[in-house]
Protein chains: 2
Amino acid sequence: MEPAKPQLNSLLAKLEEAGKRVTSQRIAVCEALLAHNGHPTAAEIWQHLQGQHPAMSQATVYNTLSALEELQLIRALDIVGENHTHYDLCVHPHVNVVCTRCGTIADVHTDTLEALLGLVSARSSYQLAPQDGVIVYGLCPACSAKL
Amino acid sequence: MEPAKPQLNSLLAKLEEAGKRVTSQRIAVCEALLAHNGHPTAAEIWQHLQGQHPAMSQATVYNTLSALEELQLIRALDIVGENHTHYDLCVHPHVNVVCTRCGTIADVHTDTLEALLGLVSARSSYQLAPQDGVIVYGLCPACSAKL
DNA sequence: CAGTTATTTATAATCATTCTAACATGATAT
DNA sequence: ATATCATGTTAGAATGATTATAAATAACTG
């Protein structure tokens with residue numbers, strides 16, 4: 001059901017394919033991305049790396065994330081009410097569900113997404129590939145329980 | 001098909017209902033919102049008002065937009081690749097389609113939306129009300145023609 | 001190894017948004 | 001009306017995430 005999480009090696013291989021150098025910093029950022037089981041921000045990645053790579057600059061984290069995003073290995077998520085950009089490791093077609101209360105982001109995988117986007121596409125004459133991103137806002141279970 | 005654009009009077013009435021004062025600045029911001037046939041940013045509103053209300057401060061524009069958003073009369077849209085927050089005047093359930101190339105935002109009204117949300121809701125156990133917002137990224141007709 | 005290019009780093013700059021404190025305005029009650 | 005008080009506005013400063021800059025470093029190529 002859930003598509004497998006990308007492997008470190010495949011990320012690094014695709015960086016190399018694209019003519020980017022596979023530096024220790026980029027390896028570390030990729031490792032941190034994979035270690036974070038969620039939708040990390042640049043700041044979270046940088047903090048996570050402070051222990052093992054105290055010399056890593058924030059600019060390098062931003063640069064690496066930009067490179068990965070350009071290669072479509074990760075996807076940027078800008079969420080209303082959050083001031084940091086989050087990143088999604090999963091680039092398979094899926095929906096990101098975001099809680100309007102607490103900001104929690106979840107991934108939803110469904111095989112019918114394509115068909116439904118096809119209908120939206122027909123109404124808008126936009127070309128919608130599901131890997132381009134779908135964000136739905138709502139209430140997460142925890143927050144809706146509190147009401 | 002397309003829900004009617006909100007009227008100036010109804011916006012102001014709802015501000016008043018909520019115990020907010022209907023000041024000349026707030027009227028002007030609402031007028032500018034309605035005059036902009038799209039998804040304006042705070043900066044665009046402020047620029048548009050420079051002619052008629054040269055004393056209007058940017059803080060007032062931001063404050064008014066925040067007030068309208070809290071009352072759910074407009075909706076904030078944070079778009080990947082855009083550094084300004086856009087606002088959507090339409091708070092009826094609909095999909096915002098965003099071009100990944102040029103950032104153009106379109107509103108799509110479709111009865112398919114409910115089906116999409118029902119599906120996503122079942123898989124995520126999030127409570128999804130369609131007016132909470134749905135954003136789909138893709139290519140607008142103009143950009144896809146250029147490829 | 002030498003030369004070239006990409007990458008990293010620290011730091012400064014940018015810039016949308018928010019905060020602050022003084023002032024103005026509108027509502028309310030005498 | 002007038003005084004009072006809460007609310008709104010303003011200019012300007014502060015915040016803070018991200019990006020730009022320029023010097024130093026590391027990786028590839030021949």
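Model, not experiment: these values are computed from the prediction. Sequence lines set the chain letters: A, B, ... in the order given, protein chains first and strands last, and positions in each chain run from 1.
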Next on the checklist: Can you see whether A/H92 engages A/D107 through a side-chain donor-acceptor pair at a distance of less than 3.5 angstrom?
Outcome noted: no
Checklist entry - When you check the phosphate oxygens OP1 and OP2 of D/dT10, does a side-chain N or O of B/Q25 lie under 4.0 Å from one of them? => result yes
Checklist entry - Tell me: CD1 of B/I45 to P of C/dA16, nearest whole Å? => result 15 Å
Checklist entry - What nucleic acid atoms does A/T23 come within less than 4.0 Å of, heavy atoms only: base, sugar-phosphate, or nothing? => result sugar-phosphate
Checklist entry - Pick the nucleotide of DNA chain C nearest each of A/A55 and B/Q58; which residue has the one closer to the 5' end? => result A/A55
Checklist entry - Between atom NZ in A/K20 and atom C1' in D/dC28, what is the gap in whole Å? => result 15 Å
Checklist entry - Would you say A/Y62 reaches D/dT19's phosphate, i.e. side-chain N/O to OP1/OP2 under 4.0 Å? => result no
Checklist entry - Ignoring hydrogens and angles, does a donor from either the side chain of B/R21 or the base of D/dT7 sit under 3.5 Å from an acceptor on the other? => result yes
Checklist entry - Distance check: side-chain N/O of B/T60 vs OP1/OP2 of D/dT10, anything under 4.0 Å? => result yes
Checklist entry - Over how many whole Å does the gap from B/L49 atom CG to D/dT10 atom C1' extend? => result 15 Å
Next on the checklist: Could you tell me how far apart A/N63 (CG) and C/dT11 (P) are, to the nearest whole angstrom?
Outcome noted: 17 Å
Checklist entry - Under 4.0 Å between a side-chain N/O of B/R26 and OP1 or OP2 of D/dT9, yes or no? => result yes
Next on the checklist: Mind checking if B/T85 touches a base, just sugar-phosphate, or nothing, with heavy atoms under 4.0 Å?
Outcome noted: sugar-phosphate
Item to check | For atom CG of B/L12 and atom C1' of C/dG26, their distance in whole Å | outcome: 16 Å
Item to check | Side-chain H-bond candidate by donor/acceptor type, B/D78 with B/H86, under 3.5 Å | outcome: no
